[in-house]
**Student:** 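Questions regarding the structure given below will be posed in turn.
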Protein chains: 2
Amino acid sequence: MEITTSSPGAEAGATAALLSVVLDRAGREPLGRQLYLRVRDLILLGRLAGGARLPSSRRLADDLGVSRTVTLAAYDQLTVEGYLEAQRGSGHYVKALKRQAPGPPRPAEHPRGAAPAPVEVLLAAPRGRPFDSDAPASDLFPTRLWARMMARGWRREGLAAAGLGDWAGLASLRGAIAGYLRGLQGIDCAADQVVITAGNADALQLITRGLGGAGAQIWVEDPGHVGARQTLRREGLKVVPVPVDAEGLDVAAGRRLAPRARFALVTPARQFPTGAPLSLPRRVALIDWAHETDAVVIADDYDSELRFAGRPVAALSSLDRRGVVLSIGSFSRVTFPGLRLGYIVGSAALIAPLVQARAREGSPVATGAQPALAEFIGGGGLAKHLRGLRRRMGQRRDALADALRARLGEAVTVEPQEVGQHLVVTLGPGLAGRASDVEIAALATARGLSLDPLSNHAAALPGRQGFLLGYAGWDEAVLLAGVEALAKVLAQVEAQRPRCESPR
Amino acid sequence: MEITTSSPGAEAGATAALLSVVLDRAGREPLGRQLYLRVRDLILLGRLAGGARLPSSRRLADDLGVSRTVTLAAYDQLTVEGYLEAQRGSGHYVKALKRQAPGPPRPAEHPRGAAPAPVEVLLAAPRGRPFDSDAPASDLFPTRLWARMMARGWRREGLAAAGLGDWAGLASLRGAIAGYLRGLQGIDCAADQVVITAGNADALQLITRGLGGAGAQIWVEDPGHVGARQTLRREGLKVVPVPVDAEGLDVAAGRRLAPRARFALVTPARQFPTGAPLSLPRRVALIDWAHETDAVVIADDYDSELRFAGRPVAALSSLDRRGVVLSIGSFSRVTFPGLRLGYIVGSAALIAPLVQARAREGSPVATGAQPALAEFIGGGGLAKHLRGLRRRMGQRRDALADALRARLGEAVTVEPQEVGQHLVVTLGPGLAGRASDVEIAALATARGLSLDPLSNHAAALPGRQGFLLGYAGWDEAVLLAGVEALAKVLAQVEAQRPRCESPR
């Protein structure tokens with residue numbers, strides 16, 4: 001990503017473009033968000049060229065007749081998302097959005113074509129042990145409020161929920177979700193673009209069946225979600241692991257490995273498990289590829305509701321002008337694991353065959369909790385719950401991170417995470433020569449812990465050595481006790497003689 | 001089935017055996033049911049031999065010191081279930097339970113081994129059209145009571161429903177279902193033998209995955225349930241269609257076609273779609289085969305809650321002394337289609353690996369409606385609902401059957417059905433030469449009807465020509481209008497010239 005200092009003429013052009021922005025002062029959307037959206041469109045449409053220097057936030061505020069808070073908010077968000085780059089003392093520049101061309105072949109660090117199915121070690125860990133990264137903070141879920149929502153929702157919906165209804169899901173819930181997605185992720189969608197799912201595995205199944213995907217190739221992130229790969233293989237897709245780096249999925253590598261893949265599955269907000277957000281150039285490259293080849297991009301912004309700092313990054317679909325992105329998500333991780341309700345949202349052309357597939361299969365998503373979830377989202381209960389969850393989860397995260405650093409010292413490195421329900425730690429050199437993360441996880445199981453080894457998430461490339469440590473499901477006392485137990489396990493490993501060859 | 005007139009000595013032996021019966025007059029179980037169970041055990045244990053004549057109901061009542069209502073109820077139930085045969089004027093005889101030996105090979109009316117996957121025409125019919133046989137009577141479901149159950153259940157369960165819980169399902173629901181099955185179907189089970197499912201497709205999936213069934217053979221009934229065959233094939237099982245006759249699944253044919261099959265899937269109470277209950281000799285033969293070969297029998301007594309006449313037939317599992325039967329069922333058909341809750345019940349040895357498989361998959365059954373269903377079953381709401389449902393469904397069934405006979409006359413034959421939510425009609429000769437049931441169903445779709453062609457349910461054998469006509473989801477006025485529309489369709493077909501060759 002190169003930044004060119006812009007000429008005075010370019011800045012004048014940028015200012016002129018910005019002055020074309022019309023803000024709706026009577027609208028419901030905050031002015032800062034309106035400005036952010038308009039500037040983003042100018043960049044994406046090429047009317048603000050890469051390298052252009054923007055007027056200062058103060059000057060733009062004067063020009064537009066808004067407060068400086070408005071322009072600062074917009075610039076900050078655009079910078080977080082990679083549209084702008086802030087240069088200390090010299091202002092904001094538009095980043096050069098080079099269309100990512102397929103690069104020259106690199107050394108074969110990755111097998112060509114679909115990788116053979118790796119051996120995926122699945123620990124059938126008992127639920128509820130610290131640091132199970134799948135355990136959500138269901139102890140914080142307001143069950144008595146939920147009981148009221150259940151009664152209210154069923155009284156209101158009655159036969160709509162009990163009756164034959166709509167294969168796409170309860171209409172009131174689809175409307176509530178559309179509103180939620182417009183607000184939280186800036187996904188511009190209507191209720192009839194939403195299909196209710198029983199969670200992400202169900203979403204992947206429905207997309208495969210609805211779009212006739214069996215036998216086709218799908219890019220998946222490597223490392224990435226083990227369960228998703230299993231679901232996709234079971235549905236008959238050819239899984240093509242594509243390497244991930246600090247900018248997320250390597251689109252150029254994907255183009256080399258499987259240029260005509262039918263699908264790509266990505267976690268743009270926060271790559272699972274590395275935590276890297278998909279960079280803006282990569283987002284553009286991914287969408288460009290999908291437009292060129294008629295591929296469908298499945299985007300899972302998991303845990304993006306649980307951001308502890310900064311504003312949520314706009315959904316991948318906001319770059320998509322041709323309707324090739326299907327966004328999927330689940331409400332189970334922010335409510336309780338047995339909720340099993342989620343969504344697919346996308347263009348009408350992609351959504352219609354999914355609803356037909358559901359009808360063909362003849363098995364609707366369970367409607368029992370749909371009226372309550374509609375009430376919970378629509379009545380503001382979820383937003384309030386998320387606020388409390390962010391606060392308490394932030395406390396849990398901080399308690400865990402502090403304890404890990406204080407108690408484990410050099411044994412592991414705690415990676416920074418601004419979002420979500422787990423920390424990523426990597427093994428320090430003292431451990432790496434003595435035992436693999438999978439072996440350490442096995443030792444930890446005997447001490448009542450549930451560690452998710454990082455290397456298990458690797459598909460074709462060798463994985464990093466470390467763990468996902470979930471903190472959502474336990475209060476601080478349990479987390480500290482867990483760190484104590486983990487310290488004992490690691491001390492036991494460090495006392496072993498180093499191996500001649502280090503584990504992969 | 002041969003009945004030998006018993007000698008006076010045999011009758012004395014039978015009387016002696018019957019006098020050994022001890023009834024618990026203080027017990028909760030009605031005396032008639034106790035007597036039925038004891039006599040059934042005597043027959044199954046061989047202490048009442050085939051052909052033995054039983055004392056008259058009056059004499060046995062005197063001998064046991066109970067009212068004649070008690071002995072009559074027991075005899076009637078045993079006769080319905082095929083343990084006894086009533087001979088007019090001469091009393092009740094024990095039927096000879098010949099162990100069914102593999103017979104001589106019959107002419108090849110059926111291909112050997114697993115049949116190739118047939119073309120299965122699936123009409124993606126809109127829901128809610130008369131006579132959709134999958135549409136339940138959800139208009140009769142008490143949604144306001146259900147709203148209260150939802151609130152009460154969630155207040156009571158709270159974190160048990162929201163939390164990490166048990167992979168087998170909510171404990172209170174498992175207990176309620178065990179009680180329900182003990183009462184309704186005489187399945188002797190405890191709560192920890194019950195696994196909650198998301199319905200029958202989920203049950204088949206879980207059984208396949210939990211018992212490592214991929215690649216194994218499974219007997220299925222031919223004709224039988226299309227959706228079940230699809231689920232089983234998708235899970236990697238080799239589906240072996242086994243012919244069905246008036247006694248249900250032909251066990252001897254199954255032994256010839258796939259003697260070492262790992263599973264058999266049967267609908268014992270009422271074969272789907274023919275309606276024939278699995279006869280007692282066939283039940284015994286099936287269980288014998290499973291015991292011999294270590295096969296697992298999956299029994300689906302669908303719709304057995306909706307019996308309009310007679311008592312429910314005892315579940316297949318009541319013959320199973322070695323724990324080879326898994327009984328599956330769903331509550332969706334007697335509540336509302338979106339409930340998506342059902343069960344698997346069986347021996348601890350078979351249930352444990354299923355729970356482990358659920359944990360391995362990491363996807364619990366949705367818990368949202370589980371607390372409410374536990375309240376609904378445990379508090380007597382379901383039993384009351386079933387009573388109302390039987391009455392109203394009986395009215396709908398009678399209205400439909402009368403209208404079909406009155407309006408369609410010879411065009412179709414309405415088969416007698418004492419259970420369930422649909423009628424079976426077969427095409428009369430006037431239609432059979434002119435169009436197939438699939439073609440007639442296509443014509444009917446244009447008139448707003450949803451007909452389920454009987455021949456679609458055939459797997460390898462040619463299917464009969466006719467329809468399943470669901471009546472559950474509509475009141476009498478809609479059903480009569482549907483019959484009018486159907487009459488027009490059939491008149492249109494009858495007006496066509498007969499074909500040179502009749503459809504298969």
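Side chains included, hydrogens not; waters and symmetry mates left out as well; all remaining heavy atoms used. Because the structure is a prediction, the values reported are computed rather than measured. Convention: sequence-line order gives letters A, B, ...; per-chain numbering from 1.
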**Student:** Counting only non-hydrogen atoms closer than 4.5 Å, does Ala372(A) touch chain B with its backbone (N, CA, C, O), its side chain (CB onward), both, or neither?
**Tutor:**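 Neither part.
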**Student:** Work out which heavy atom in Thr367(A) is nearest to a heavy atom in Leu339(B); give both atom names and the distance.
**Tutor:**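 Scanning both residues, the minimum pair turns out to be OG1-N, 4.3 Å.
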**Student:** Grab the two heavy atoms, one from Ala162(A) and one from Pro337(B), that are nearest each other, plus how far apart they are.
**Tutor:**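 Distance-wise, the nearest heavy atoms are O-CD, 3.3 Å.
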**Student:** Which region of Arg155(A), side chain (C-beta onward) or backbone (N, CA, C, O), has a non-hydrogen atom less than 4.5 Å from a non-hydrogen atom of chain B, or is it both or neither?
**Tutor:**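 Looking at Arg155(A), backbone and side chain both touch chain B.
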**Student:** Just by distance, do the side chain of Arg340(B) and the backbone of Pro364(A) share a donor-acceptor pair under 3.5 Å?
**Tutor:**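 The answer is yes, because a donor-acceptor pair under 3.5 Å joins these two groups.
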**Student:** Between Ala147(B) and Trp154(A), which heavy-atom pair has the shortest distance, and what is it?
**Tutor:**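 Smallest heavy-atom distance, with atoms named: CB-CB, 3.6 Å.
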**Student:** So for Ala366(A), is it side chain, backbone, both, or neither that comes closer than 4.5 Å to the heavy atoms of chain B?
**Tutor:**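 Contact with chain B involves both backbone and side-chain atoms of Ala366(A).
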**Student:** I need the residue from Met149(B), Glu361(B), Arg209(B) with the largest number of non-hydrogen atom pairs under 4.5 Å to chain A.
**Tutor:**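 Most heavy-atom pairs under 4.5 Å with chain A: Arg209(B).
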**Student:** At a 4.5 Å cut-off on heavy atoms, which part of Arg234(A) comes close to chain B: side chain, backbone, both, or neither?
**Tutor:**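 Only the side chain of Arg234(A) comes within 4.5 Å of chain B.
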**Student:** Checking Ala137(B) against chain A: side chain, backbone, both or neither under 4.5 Å from a heavy atom?
**Tutor:**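 When you check distances to chain A, no heavy atom of Ala137(B) falls under 4.5 Å.
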**Student:** Please look at Gln370(A) and chain B and tell me whether the side chain, the backbone, both or neither of the residue comes under 4.5 angstrom of a heavy atom of that chain.
**Tutor:**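 No part of it gets close to chain B.
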**Student:** Looking at chain B, which one of Ala201(A), Gly199(A), Ala198(A), Ser363(A) has the largest number of heavy-atom pairs inside 4.5 Å, strictly under?
**Tutor:**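 Heavy-atom pairs under 4.5 Å are most numerous for Ser363(A).
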